[in-house]
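If you're wondering where the values come from, they're calculated on a predicted model, not measured in any experiment. Note: hydrogens, waters and symmetry copies are ignored here, and every other heavy atom, side chains too, is used.
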Amino acid sequence: MTSDERQGCVAADAGAERFSRVFDTLELLVGHPEGMTLTEIVKRLGMPASSAHNLLQRMAATDVIVVSDDLRYSLGSRAVRLGIRIVDGLEVRDVARRPLQELTRATGEDVYLAVRLGTRVSYIDRFPGTRPIAVDIRLGQSLFLHATAVGKLFAAFHPPLHRRLMGEPRPQLTEHTLTEDADLERELETIRRAGYSVSREEAIPGVVGYGFPIRDAYGEITAAIHISVPLAQIDETHEKLLLDKAFEAAAAIEADLGRSGADLSRRGRRA
């Protein structure tokens, strides 16, 4: 091997390592939507502080990550958009579109499709309802596991998310937010028994959220339906309509995903 060839190999190896470090960093930050400090990142990735700082600065300059005022790094808009484009290529988003449009027409409420990306839960599609006042939740935004309906739903059925929920800070977003371990464990057990979840003003005052699982052919939760409803619009009749229509939509999506079985539209309902 000539000197030039050796230098070329060294340069290629260095480039591959830098490329790998970018993905290592992104994978790390996906699991920490609250952000991480430089010291935390260096410790987890085993990088020299100077190299990590330079890498993070380059990633921040291109909006792949963002840095907060207290110097915590988290995923940026460019990485989130890429994640959504990747998810867009998955079957569930295409399959879910028509049933969720029908769900929106039947209920008049805002409907979202949520998925789990690692230990992060985000909305990847939205179907606006007919209410003059709606809550506009950004697609791709990492959702609080302890306060949102779909966050609690995924945490109830996915052990890694459950561990993350119980191990991370849980801010008091409203006076109704559950933050204590015992309260959350009881809530998750209720969700497992019922087969769906409810967030009653726990994330946003005056808004009730409902979460419904979408399972794949193997019975694993691959996505979730979220319905956002103003508290003033909730009564027994409307809630029954929401539950019936949401379970019907979930069953239709599951059927298209290849899941077979009993009447899925009534599963897990409270007596």
Side-chain angles (χ1 to χ4, degrees), residues 30 33 83-84 86-88 90-104 106-107 109-127 129 135 137-162 164-165 184 187-200 202-204 207-229 239 242-259 264-270:
V30 163
I84 291 176
I86 293 172
V87 171
D88 196 25
L90 300 178
E91 185 180 14
V92 65
R93 192 176 186 191
D94 289 336
V95 166
R97 187 161 285 124
R98 179 173 293 180
L100 295 188
Q101 288 171 338
E102 293 175 355
L103 177 60
T104 298
T107 63
E109 307 297 352
D110 287 359
V111 173
Y112 292 82
L113 178 66
V115 297
R116 176 181 62 83
L117 300 171
T119 56
R120 170 192 178 112
V121 176
S122 299
Y123 297 128
I124 61 168
D125 218 343
R126 181 193 179 203
F127 305 87
V135 178
I137 305 172
R138 287 169 48 201
L139 300 184
Q141 178 177 314
S142 184
L143 303 174
F144 286 107
L145 297 180
H146 71 297
T148 60
V150 292
K152 292 189 295 183
L153 181 73
F154 276 104
F157 292 101
H158 189 68
L161 279 180
H162 176 265
R164 189 193 127 196
L165 167 63
L184 283 166
E187 177 73 359
L188 298 184
E189 182 56 36
T190 297
I191 292 169
R192 295 184 192 106
R193 291 197 306 268
Y196 70 99
S197 61
V198 184
S199 171
R200 299 189 185 277
E202 294 164 43
I204 302 173
V207 175
V208 179
Y210 295 83
F212 304 87
I214 298 171
R215 298 179 184 273
D216 61 19
Y218 303 97
E220 298 294 326
I221 296 180
T222 188
I225 298 170
H226 171 86
I227 304 179
S228 182
V229 189
E239 184 169 72
L242 296 176
L243 297 181
D244 288 342
K245 294 301 182 181
F247 278 118
E248 288 176 10
I253 297 167
E254 290 176 348
D256 284 343
L257 289 174
R259 187 172 190 229
L264 302 178
S265 66
R266 304 294 297 181
R267 72 186 185 280
R269 294 286 298 275
R270 284 193 179 101

Chemist: Is it the case that the side chain of R116 and the backbone of F154 share a donor-acceptor pair, with hydrogens and angles ignored and the cut-off at 3.5 Å?
Modeler: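 Not a single qualifying donor-acceptor pair exists.
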Chemist: How close do D110 and R126 get, counting heavy atoms only, and between which atoms?
Modeler: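 For D110 versus R126, the nearest heavy atoms are OD2-NH2, 3.1 Å.
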Chemist: So do the side chains of I253 and L100 get within less than 4.5 Å of each other, counting heavy atoms only?
Modeler: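 They are in contact (side-chain heavy atoms under 4.5 Å apart), so the answer is yes.
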Chemist: CZ of R98: more than 12 outside heavy atoms within 6.0 angstrom?
Modeler: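 Counting other residues, nucleotides and ligands, CZ of R98 stays at 12 neighbours or fewer.
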Chemist: Roughly how far, to the nearest 0.5 Å, is the OH atom of Y112 from the CG atom of D125?
Modeler: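 Answer rounded to 0.5 Å: 10.5 Å.
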Chemist: For A223, give me all partners under side-chain contact (heavy atoms from CB on, under 4.5 Å), at least two apart in sequence or on another chain.
Modeler: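 In terms of side-chain contact (heavy atoms from CB on, under 4.5 Å), with neighbours along the sequence ignored, A223 is linked to V92, L113, V115, I214.
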Chemist: Keeping the roles fixed (side chain from S199, backbone from A147), state whether a donor-acceptor pair exists under 3.5 Å.
Modeler: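 Indeed, once roles are kept as given, a pair shorter than 3.5 Å links the two residues.
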Chemist: Would you compute the distance between atom CG of L242 and atom CZ of F247 and round it to the nearest 0.5 angstrom?
Modeler: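 Going from CG on L242 over to CZ on F247, the span is 11.5 Å.
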Chemist: Taking C-beta and beyond as the side chain, do F212 and L153 meet within less than 4.5 Å on heavy atoms?
Modeler: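 Counting from C-beta outward, F212 and L153 never come under 4.5 Å.
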Chemist: What residues, two or more places apart in sequence or in another chain, satisfy salt bridge (Lys or Arg N to Asp or Glu O under 4.0 Å) together with R200?
Modeler: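 Only E239 meet the salt bridge (Lys or Arg N to Asp or Glu O under 4.0 Å) criterion with R200.
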Chemist: Could you grab the distance from atom CD of E102 to atom CZ of R97, nearest 0.5 Å is fine?
Modeler: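 Interatomic distance, E102 CD to R97 CZ, rounded to 0.5 Å: 13.5 Å.
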Chemist: How close do A155 and L161 get, heavy atom to heavy atom, and via which atoms?
Modeler: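 Minimum heavy-atom separation between A155 and L161: CA-CB, 4.0 Å.
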Chemist: How long is the span from the CG atom in L165 to the NZ atom in K152, to the nearest 0.5 Å?
Modeler: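 One finds 10.0 Å between CG of L165 and NZ of K152.
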Chemist: Considering only heavy atoms from C-beta outward, does the side chain of T148 approach that of V121 to under 4.5 Å?
Modeler: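 No. Closest side-chain heavy atoms not under 4.5 Å.
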Chemist: Measure across S197 and V150 and return the closest heavy-atom pair with its distance rounded to 0.1 Å.
Modeler: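 Heavy atoms of S197 and V150 come nearest at OG-N, 4.3 Å.
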Chemist: Compute both the distance and the angle, then confirm whether R215 meets the cation-pi test with F157: under 6.0 Å from the six-membered ring centre, within 45 degrees of the axis.
Modeler: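 Yes - R215 lies over the ring of F157, closer than 6.0 Å to its centre and within 45° of its axis.
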Chemist: Mind checking the CD1-CG spacing from I227 to L243? Nearest 0.5 Å is all I need.
Modeler: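 Rounded to the nearest 0.5 Å, the CD1-CG separation comes out at 8.0 Å.
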Chemist: Measure across E202 and H146 and return the closest heavy-atom pair with its distance rounded to 0.1 Å.
Modeler: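 Shortest heavy-atom contact: OE1-O, 4.1 Å.
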Chemist: If you compare all heavy atoms of S228 against all heavy atoms of V207, which two are closest, and at what distance to 0.1 Å?
Modeler: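 Here S228 and V207 meet closest at OG-CG1, 3.4 Å.
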Chemist: Might you work through the side-chain contact (heavy atoms from CB on, under 4.5 Å) test for H158 and I221, ending with a clear yes or no?
Modeler: CA-CA 8 Å; H158 189 68; I221 296 180; over 6 Å; no
Chemist: Tell me, do F127 and L103 make a side-chain contact under 4.5 Å, heavy atoms counted?
Modeler: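 F127 does not reach L103 side chain to side chain.
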